[in-house]
Structure formats: C-alpha cells, structure tokens
2 protein chains.
Amino acid sequence: MGVIGHIPEREAPRPRSASIWDVARVAGVSQQTVSRVINGKDRVSESTRAKVLQVIDELDFRPNRLAQALAGGPIRSVTVLTSDTALYGAAATLRGMEQAARAAGFSVGISVLERSLDAAEAAVRLNRSGQAVMVIAFDEAGVRTLGALPPEIPMTATIERPPDDHADAAWQVWLDDRAAAAHATRYLLSLGHSTVHYVAIPSSTSPTAQRTLGWRETLTDAGRPVPEPLQGGWSPRSGYLAARSLLADPTVTAILCGNDDLALGVMRAAREAGRRIPGDLSVVGFDDSPQSAYLNPSLTTVRLDFEGLGRACFGLLRRRLDPDGPAAVPVWSEPELIVRESSGPRPPAR
Amino acid sequence: MGVIGHIPEREAPRPRSASIWDVARVAGVSQQTVSRVINGKDRVSESTRAKVLQVIDELDFRPNRLAQALAGGPIRSVTVLTSDTALYGAAATLRGMEQAARAAGFSVGISVLERSLDAAEAAVRLNRSGQAVMVIAFDEAGVRTLGALPPEIPMTATIERPPDDHADAAWQVWLDDRAAAAHATRYLLSLGHSTVHYVAIPSSTSPTAQRTLGWRETLTDAGRPVPEPLQGGWSPRSGYLAARSLLADPTVTAILCGNDDLALGVMRAAREAGRRIPGDLSVVGFDDSPQSAYLNPSLTTVRLDFEGLGRACFGLLRRRLDPDGPAAVPVWSEPELIVRESSGPRPPAR
DNA sequence: GTCATGGGCGTTATCGGTCACATTCCCGAA
DNA sequence: TTCGGGAATGTGACCGATAACGCCCATGAC
C-alpha cells in the first residue's frame with residue numbers, strides 16, 4: 001500500500017496489424033466508411049474513397065477474413081472435399097480449383113474423405129464457419145458425401161456422371177466420359193479388334209458408370225459381343241490383378257482401362273503373360289497422366305481436362321454465391337484421344 | 001398511413017446452429033462456464049461439467065472455429081504451402097500432414113506457391129487469421145517462402161537438406177536424402193559399374209543438395225571419377241531431355257535419378273538410344289512412387305516415407321503451438337533401397 | 001471469531017469486422 | 001422559403017467465441 005500506480009509486468013501486446021479502426025482513425029472517417037470502400041458495395045464520394053485507399057496502403061491494412069466471415073460478410077473461402085489427392089484426376093482437378101479460387105481471392109481448404117469417415121460428418125466439419133464447399137465426386141465416397149451434404153450449404157461438385165435430376169445439374173460439372181469412352185472403343189474397333197475388354201475404375205454410380213456405358217454402347221451399336229467388364233480399383237496393382245485373369249483368355253486383343261494407372265498394371269500383367277504390346281494386345285488408358293507418354297510402350301489414352309473442370313467448378317460456385325456477379329463462362333476442353341504406342345492393329349488370327 | 005404494424009417481407013433468418021449462449025441458457029449457467037468446459041483449462045465442478053456436456057450433446061453444439069480464432073483462442077488450423085501437388089513427394093507429404101492434422105481436429109488449408117507469386121506475399125495471405133503454417137520446401141519456391149515467412153508466424157517445414165543454422169532445425173524435419181543417395185550409389189558401384197551418373201532434381205540448395213552430395217561423396221570415397229551431374233526438372237520429360245545428351249557417351253552404364261519421374265524419362269531416352277535396361281544400362285530412381293513397381297522394366301528406387309514425414313511435420317507444429325501438450329514423438333521410417341528390374345551388373349566391356 | 005486462501009462461476013471488454021438504421025448535407029421543386 | 005429526397009456518412013447492435021477480473025462461499029490456521 002502506498003505504492004501508487006504500480007505497473008504490473010505485462011507482456012508487450014503482440015504487434016497487431018492494422019484493423020479497420022486504425023484505418024478509419026487515420027483517414028478521419030468512420031470504420032463503416034472504410035468497410036464501404038473495401039467492399040465497394042455502397043457509394044462513397046470519390047475524394048473519401050481515395051483518402052481511405054491511400055491510408056489502407058500506408059498501413060498495409062488487409063481485412064481479417066475471420067472477422068469478415070464471422071460478421072456475416074460474403075463467403076470467401078472454400079473447402080474441397082476429395083478422397084485421394086494422390087490420384088492424377090483428383091490432383092489435377094484440385095489444382096484447377098485452387099488456381100481459380102486463389103485468383104478470385106478465395107482461400108481454399110482441403111479435407112480428405114476417408115473410408116472410415118461418415119460422409120455426413122465431413123459436412124459437419126465445415127462447421128458453418130462461412131465456408132463454401134466443392135466436392136470432387138469421382139468415386140463412391142465423393143458421391144456419398146454429395147448426398148449427405150445439407151442443402152443449405154453452398155456447394156458445387158465435379159462428378160463422373162450427369163445427374164438424372166435436372167435441378168441438381170445446375171451446380172455440377174462433368175466431363176463427357178461417355179463420349180470419350182465411346183471414342184476410344186470405336187478407335188480400337190477400327191483397328192480391327194473383334195471386341196474390346198474393359199477394366200473399370202470403381203464406379204461411383206455403377207452400373208451406369210459413364211465410361212462403362214460409352215464402351216458398352218459402342219460395342220452394342222457395332223454388333224460386337226460385350227464381355228463382362230472387370231472391376232478394378234484405382235491403382236496399378238489392381239489393374240495388374242484384374243488383367244491376370246483376363247489374359248488367360250487368348251482371344252483378348254484389346255483392353256480399355258478406366259485410368260492410366262490401371263493400364264500400367266494391365267501392361268505389366270500382359271508382359272508377364274508373354275503378350276507383346278501392341279503386337280498381341282492393344283491397351284488404351286484414360287486421363288493422360290504426365291507419365292503416360294514415357295511408359296514402355298507409351299500409352300494410348302484419352303486426355304481429360306481436369307484442371308479446366310476444376311476451374312469450371314469454382315466458376316459455378318462463384319455464380320452460386322453471387323448470382324449477380326460477373327458471369328465468367330466456364331470453359332474446358334473436350335476429351336481427346338491421344339494415340340501412342342500401346343495400341344495397334346489386331347494380331348492375325350493364328 | 002393508417003396501416004399499422006406492417007410487417008416487412010423479411011427472409012426467415014437462416015437457421016443458425018447452437019451457440020455457446022444457447023448451451024449456457026439451457027444448462028442454466030453462464031457462457032463463460034460453457035467455454036471452460038469446452039476448453040478444459042479452468043476448473044469446473046464435476047456436476048456442472050456433466051450438465052453442460054449433456055446439453056452440448058443434445059443441442060449438437062460445436063464451437064465456431066472462426067469465433068474462437070478471432071477471440072484469440074488456441075490455433076486450430078494450418079495452411080500448407082506447397083508448390084506442386086501433382087508431384088508424388090509433395091502429394092504424399094501433404095497426405096501425411098492432412099491425416100495427422102485432421103486427427104488432431106485441425107482444419108487444413110492449402111495454398112500453392114506459383115512461380116509468379118512472391119513468396120512473401122504467400123505469407124501475408126495467411127492474413128494473421130490465427131493460422132499456423134507448414135511449408136513443403138523441397139524445391140526453390142518452398143525454400144524462398146521459408147525465408148520470407150515472418151518469424152512471428154508459427155510454422156514448421158519439411159525440407160530437403162538439414163539447415164546449417166542449428167536454431168532453425170528445431171522446427172524442420174527432413175529425410176536422410178544424403179544417406180539414401182549414398183546407399184543407392186554404393187549399390188550401383190557394387191554391381192561393378194565404374195561410376196554412376198546423376199540426373200538431379202531442381203535443387204533447393206544447390207550445389208550442396210543432399211542427394212547430389214551423397215552421390216558425390218560415395219564416388220569420391222570409392223575413388224571413382226565424378227561426372228558432372230545433369231540438371232533435370234521434376235518431370236519425365238526433363239529426364240528424357242537430360243538423358244539424351246548423357247547417352248551420347250557409350251561409357252555411361254549407370255544412372256541415378258533424383259526422382260522416379262526423371263528415371264522414367266531417362267529409361268525412355270535409353271530405349272530410343274538402343275540401350276537395353278538393365279543389360280546395357282542401370283537406372284535407379286528416387287521416391288518409390290506407386291507406379292515404379294509396374295514400369296517396364298520395374299524401377300529400382302529408394303523408398304522415402306513422405307507420409308511419415310508429413311505427420312512428423314505436423315507433430316512438430318503441435319509442439320510448437322503448445323509446448324506443454326502431449327509430446328508425441330514423431331516417427332518416420334528410414335529410406336530404403338528397393339531393388340527391382342532396372343538395375344543390374346555392369347555390361348562386359350566390348 | 002477473523003482472515004487468508006482458493007475453487008467455482010458470472011460480468012464485461014474485446015477480437016475485427018458487417019448490417020440495419022439513423023443522421024447530415026445539399027439540391028431542386030412546390 | 002420550405003420541404004422532399006437521395007447521396008454520403010456515422011452510430012450502435014451483433015456475429016460467437018475467449019480473457020481478465022471480480023465476486024461469493026467454504027475451508028482451515030491462528
């Protein structure tokens with residue numbers, strides 16, 4: 001006692017960066033006006049705006065995303081729900097999404113869907129924290145997530161197969177897998193193969209998976225026998241395993257694969273079975289991964305514009321979040337067959 | 001006029017999920033007490049805690065991350081800074097990070113470092129929004145980012161090369177690339193090759209890149225000539241280009257590559273040059289990507305535990321954020337040479 | 001019996017914004 | 001001259017949490 005004005009040892013407050021209030025004070029306006037300038041929604045006089053912008057620059061101010069979101073501002077962050085970032089298709093799609101989102105000033109989160117994880121839980125994790133969502137729903141986990149997502153949460157998705165329900169379609173994008181598979185199948189038939197076998201990726205919407213469908217239709221239309229498609233996984237290993245049983249049949253001369261990794265496994269199995277590619281067997285992949293051109297033999301495959309798809313998905317999301325915003329028309333290129341070494345004419349019957 | 005009580009057409013307030021206040025009201029306590037229960041820091045009587053927990057469960061309440069962060073709560077989100085999610089090493093590391101982070105209840109963001117993007121800017125994007133950071137600094141962009149990151153922002157990193165400065169090392173993890181490269185080189189020498197050529201990945205810290213170093217040391221120690229390492233990129237294509245010049249020299253019988261994609265390109269170039277693998281030329285890769293076992297020939301490579309590294313990096317981050325927290329000792333496995341078909345004895349001199 | 005101690009819990013400020021609703025100013029029309 | 005009305009700007013509540021602080025009460029030592 002008697003000691004007046006004792007100053008407690010208090011840590012120096014960590015240096016906080018400028019807030020909207022600092023800007024307002026320095027510029028001699030209210031924080032609301034600063035907010036107006038930032039968001040550009042309301043009208044502010046030209047002179048005030050200039051002044052505020054100048055101070056913002058001087059103070060190196062940038063609005064705190066958290067506070068904005070908390071206060072109910074416009075959504076500026078997306079979480080991508082995907083199941084496996086190691087797969088080429090998903091990785092490339094993610095890259096396209098991230099690229100577009102960042103360009104638009106969005107921050108992007110990522111959350112991996114695991115088998116063990118209830119899809120609904122994934123949605124809940126988003127935690128109403130003012131986040132939008134993009135789902136990469138090429139596989140079953142993705143599709144299930146799509147179904148479990150509460151309708152009020154703003155979302156778009158990349159999917160494998162066009163939805164039956166037209167209403168949903170508005171917020172989903174897809175590549176024309178069906179036409180692509182049909183194209184690849186026709187190509188193989190044109191080489192003289194009597195039919196084409198198919199090693200499928202796990203289908204998100206079997207048995208009507210688009211790639212399977214395109215393949216089947218083409219064979220049917222051409223009056224060829226339609227062999228039972230083999231169910232593969234995503235990895236080279238599963239392609240390898242699937243092909244081993246398939247190759248027991250010597251009449252198999254052409255195999256279409258659901259992705260390039262499967263094709264890689266198939267080609268290895270073929271080698272081990274003593275089949276030469278493309279001499280005895282033609283193999284066609286799907287996706288045109290970066291490696292496919294350098295494989296031995298290099299892989300004939302269907303190039304898909306996953307990055308473009310990802311960008312488009314984000315474009316759609318923006319429109320959903322802000323219908324009046326700039327209507328950037330999402331553009332992505334059509335699937336394209338890239339012919340390389342792994343496919344060739346049907347071997348002469350012996 | 002005369003119209004009293006006109007009720008404006010107002011949208012139904014969007015259904016908000018329970019807040020800490022709702023819980024408090026129902027449980028008959030103050031929100032601060034609820035906060036205490038959530039965070040478990042302060043003491044609350046057992047009966048009160050039970051009551052609150054019950055209400056939390058009933059109302060399906062979960063704390064709003066945004067609000068927590070804004071209010072200065074503990075950090076519960078990380079942003080991963082990486083340069084290319086399509087590369088196997090980075091993708092696998094990211095997966096490990098995401099996995100560990102999610103298990104710990106953290107949300108994970110991702111931000112891709114692009115060439116055009118100033119690394120410092122990347123840091124600023126984090127925007128003091130209560131985010132921690134993990135940097136995947138295998139390449140130059142990553143290392144530059146590391147340097148540009150303000151010291152006050154909590155961060156850990158996976159790096160290629162142990163830092164000179166011991167102080168920094170505390171928050172960084174790395175694989176023993178040097179020993180791994182040495183091992184692979186020794187292996188090739190043991191097969192009888194007179195020396196080993198090296199196609200390098202872009203080095204984040206050349207000329208002392210660890211893989212290069214391990215390779216060079218081994219050759220020097222063995223008294224073998226040390227050829228000039230070839231600078232490659234990350235892609236199969238760059239391996240292909242690098243190898244084309246290298247293969248002009250017929251004395252080259254063993255090539256070590258900085259990653260599996262480079263090796264893929266090298267193998268193709270070798271084929272085109274009429275060199276048989278492993279008959280005329282041995283090729284060893286790095287990383288053990290999922291494809292490497294299925295290539296033709298399958299690739300001898302060094303398996304690196306990127307996922308474990310990613311998990312360890314997150315473990316380190318947690319300790320940095322909360323030194324008193326559970327000290328999970330990060331564990332990841334040592335590099336391991338996987339011998340496959342692409343390497344063999346030195347061809348007899350002709 | 002008094003007082004120091006510490007556990008349990010409520011009150012209030014604060015984080016950095018946004019939104020709905022005033023308020024002020026200025027101009028033209030009645 | 002007065003009043004309506006739109007443009008420009010300010011005010012206060014609020015978003016959903018955490019942190020500092022203070023109050024109340026039970027306990028035990030002197």
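Predicted model only: the values in this text are computed from it and were never measured. Chain identifiers are assigned alphabetically (A, B, ...) following the order of the sequence lines, protein sequences preceding nucleic acid strands; residue numbering begins at 1 within each chain.
Side chains of A:T93 and A:F138 form a contact here, defined as non-hydrogen atoms less than 4.5 Å apart. You'll find the side chain of B:L53 reaches within 4.5 Å of the side chain of B:V37, heavy atoms only. For the pair B:M155 and B:L146, the minimum side-chain heavy-atom distance is below 4.5 Å. In this structure, the side chains of A:I110 and A:T79 stay at 4.5 Å or more apart for every pair of heavy atoms. Considering only heavy atoms from C-beta on, B:D139 stays 4.5 Å or farther from B:V143 through its side chain. Between A:M97 and A:L317 the shortest side-chain heavy-atom distance does not fall below 4.5 Å.
The distance from atom CD1 of A:I20 to atom C1' of C:dC19 is 12 Å, rounded to the nearest whole Å. Atom CZ in A:R62 sits roughly 12 Å away from atom P in C:dG17 (whole-Å rounding). Straight-line distance from the CD atom of B:E46 to the C1' atom of C:dC9: 15 Å, rounded to whole Å. The interatomic distance linking A:L66 (CG) with C:dT14 (C1') rounds to 15 Å, in whole Å. Between the P atom of D:dT18 and the CZ atom of B:R65 lies a distance of 12 Å, rounded to the nearest Å. Between B:R76 atom CZ and D:dT18 atom P there is a gap of 9 Å when expressed in whole angstrom units. B:K41 has its NZ atom 9 Å from the P atom of D:dA19, to the nearest Å. For A:Q68 and C:dC15, the CD to P distance is 17 Å, given to the nearest whole Å.
Among residues two or more places apart in sequence or in another chain, the salt bridge (charged side-chain N to carboxylate O under 4.0 Å, His left out) test is passed with A:D305 by none. The side-chain contact (heavy atoms from CB on, under 4.5 Å) check on B:D84 picks up A:R95, B:A86, B:L87, with sequence neighbours excluded. Take B:S30 and apply the side chain to side chain donor-acceptor pair (under 3.5 Å) test, not counting sequence neighbours, and it matches B:T33.
Axis deviation across the helix from C:dG1-D:dC30 to C:dA30-D:dT1 amounts to 60°, comparing end segments of five pairs, rounded to 10 degrees.
Among the protein residues, A:N39 comes within range of the sugar-phosphate backbone only, with heavy atoms under 4.0 Å from sugar or phosphate atoms but none that close to a base.
The nearest heavy atom of DNA chain C to B:A71 and to B:R36 marks one nucleotide each, and the one closer to the 5' end goes with B:R36.
For the pair A:T48 and D:dA8, the criterion of a side-chain N or O lying under 4.0 Å from OP1 or OP2 is not met.
Rounded to the nearest 0.5 Å, atoms CZ (B:R76) and CD (B:Q131) are 13.5 Å apart.
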Could you write out each protein N or O paired with an N or O of nucleotides 5-7 of chain D at a distance under 3.5 Å?
none

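With B:E98 contributing its side chain and A:V112 its backbone, the two residues share a donor-acceptor pair below 3.5 Å.
Within residues 25-35 of chain B, the residues having any heavy atom under 4.0 Å from DNA chain C are, by residue number, B:V29, B:S30, B:Q31, B:Q32, B:T33.
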